[in-house]
Amino acid sequence: MKLILITILAAVISSNAKKLEEKYSWKELEYAWPSEEAKQEAIKSGRYIESHNLPLGLEVWKDKMFITVPRWKAGVASSLNYFVMSNDKSPVLHPYPSWEANELPEENHNKEHENYGGGRTDAKAAEKGENLLEKDSGKIISTFRIRADECDRLWVMDSGLADILGSPKQWAPNNIAIYDLNTDKLIKRFIIPEDQVKEDSFFANIIVDTQASDCSNAFAYLPDLGSYAVVVYDFKNDKSYRVKHNFFHFDPLQGDLTVGGVNFQWTDGVFGMALGKPINEHGDRTVYFHALASTKEFSVSNTVLKNETFATSSDAYHAYSLLGDRGSKSQSTAEFYDDKTDVIFYTQINRDAIGCWNIKKPYTPENQGLVDSDSHTLVFPNDLKVDNEGNLFVLSDRMPLFIYSSLQPEYNYRILTGKTSEIVTGTPCE
Ligand SMILES: *[C@@H]1O[C@H](CO)[C@@H](O)[C@H](O)[C@H]1NC(C)=O
């Protein structure tokens, strides 16, 4: 017994790697309703169904933590939210920028949806609603990922689609909303032109390429995981274009996933994307990317994506590179580059884990580090970001259980955190 204890202790000490710390957790999300009556009214009318509110994306700006709640099902109180970070373990969400912006018109939400076998592809059968943005350009319908840039702006990819798994309704075209985080005012709303949205298009992520020294010059990359392309939005010229490449497709052998005991098959293409450090005053940098149903990583220079003529011509094919393969069961949703450690952190959905890779090393399975893995707290790590102080934040939410079976009444949603310089200790990413 003693010997075993000593052996375990020695193993713990020798690895000395710091794991992620659980900072926030929720059994169900709570919102800051204007009043208790307003909440009860929303429950009664079906506008709020507590268990249908699943957090998905996160972003950190100063002391604010932004949390998105996509409208997968009916009864999402508010899709874009924040809370002020404190020691409160289960903070209440505040709609951003307001309740009004996040409110959908009154509908009959009392239908029960028990089986969601159809999954995300039901989205294409969406009924077209009135375009809410025509009446009120401030509306937020449904958002997955968001990004706060170097210029204190919050970029929101709004799919415009509500009740995705039930009776999907397209309340607005796919669009980008950009807020000034200092004033909480909407700066810009850009609708993705219809001819850049295909039948199976699914825009759930947004990556912003800009520099604090030149904020008017900004590009947003919008991976189309359902139709295998990247829509590039040019902020200065207020236009977008659709970029295609074979590397944006999924790997047919890597779409079989098992999460929390639930087995399912996905065909998601390009999704995770990370921007390297700018290498000159023009902001030239490497764009790393991967498809969700894949274990491979690719890269392309942002000078390619930012040049419409070149990016949309077949000449661009060889400007893209395969970096390598992470190894089996390493499918990933989000990735993020941390310039303090030169490490890209990424989620590993098929392993309940967070992985890392030091960009100075060859992209091989051996050079992939395991920051943390936990079959309880890291079931479906869905999003991750690194803040300006070098803190990694990871949101895990057991989403496949929410979609294909059901969540138990326990802590299902978590945000874990760790100092990037500490969590890479003892891993190949150091
Ligand atoms: C964009 O690419 C084309 C080649 O297709 C090149 O002639 C042009 O100079 C590039 N523009 C910029 C701004 O780099």
Side-chain angles (χ1 to χ4, degrees), residues 145 147-157 174-178 180 187-198 201 203 205-250 269-291 294 296-324 335-337 339 342 344 359-360 363:
R145 296 255 176 84
R147 176 72 184 135
D149 72 6
E150 288 82 346
C151 305
D152 293 341
R153 295 176 295 210
L154 184 70
W155 298 60
V156 178
M157 178 63 229
N174 282 277
N175 68 87
I176 306 170
I178 309 172
D180 179 337
I187 304 169
K188 176 83 211 163
R189 179 74 77 158
F190 178 78
I191 309 270
I192 301 175
E194 217 161 306
D195 63 348
Q196 292 171 29
V197 180
K198 304 299 170 190
S201 281
F203 298 95
N205 197 5
I206 181 162
I207 293 90
V208 182
D209 190 354
T210 187
Q211 285 185 290
S213 54
D214 188 8
C215 293
S216 64
N217 204 352
F219 286 79
Y221 308 132
L222 314 169
D224 182 350
L225 67 87
S227 215
Y228 319 123
V230 172
V231 168
V232 177
Y233 170 58
D234 177 344
F235 177 71
K236 192 181 237 166
N237 297 306
D238 196 30
K239 62 163 192 182
S240 66
Y241 44 92
R242 191 176 165 91
V243 177
K244 296 197 279 188
H245 198 279
N246 286 2
F247 297 172
F248 295 152
H249 290 245
F250 72 104
V270 60
F271 188 27
M273 206 178 247
L275 299 180
K277 203 189 300 211
I279 53 166
N280 56 27
E281 73 277 14
H282 307 299
D284 295 353
R285 48 168 70 169
T286 303
V287 179
Y288 302 88
F289 66 89
H290 59 242
S294 166
K296 292 189 166 56
E297 190 76 15
F298 301 93
S299 73
V300 64
S301 166
N302 69 342
T303 57
V304 174
L305 296 180
K306 285 157 79 169
N307 184 334
E308 179 178 1
T309 329
F310 187 56
T312 56
S313 78
S314 55
D315 296 343
Y317 186 83
H318 294 287
Y320 292 70
S321 315
L322 166 69
L323 283 173
E335 62 177 316
F336 199 93
Y337 167 74
D339 61 2
D342 251 350
I344 287 182
I359 65 164
K360 294 194 200 102
Y363 205 93

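Whatever order the structure lists them in is the order used to number ligands and atoms, beginning at 1.
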Practice problem: Decide ring pair (Phe, Tyr, Trp, His ring centres under 6.0 Å) for Tyr288 and Tyr337; before the verdict, give the C-alpha distance in whole Å, the side-chain angles of both, and the deciding distance to 0.1 Å. | Solution: CA-CA 9 Å; Tyr288 302 88; Tyr337 167 74; 7.0 Å; no
Practice problem: Show your reasoning for whether ring pair (Phe, Tyr, Trp, His ring centres under 6.0 Å) applies to Phe248 and Phe289. | Solution: CA-CA 8 Å; Phe248 295 152; Phe289 66 89; 5.1 Å; yes
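For Asp209 (side chain) and Phe219 (main-chain N/O), no donor-acceptor pair under 3.5 Å exists by modelled atom type.
Contact annotation for atom 2 (O) of ligand 1: protein present (non-hydrogen atoms, distance under 4.0 Å). Of the protein's heavy atoms, none falls inside 4.0 Å of atom 7 (O) of ligand 1.
Looking from atom 11 (N) of ligand 1 to the surrounding protein, the closest heavy atom is Asn307 ND2, 2.9 Å.
The distance from atom CD of Gln211 to atom CG of Asn217, rounded to the nearest 0.5 Å, is 8.5 Å.
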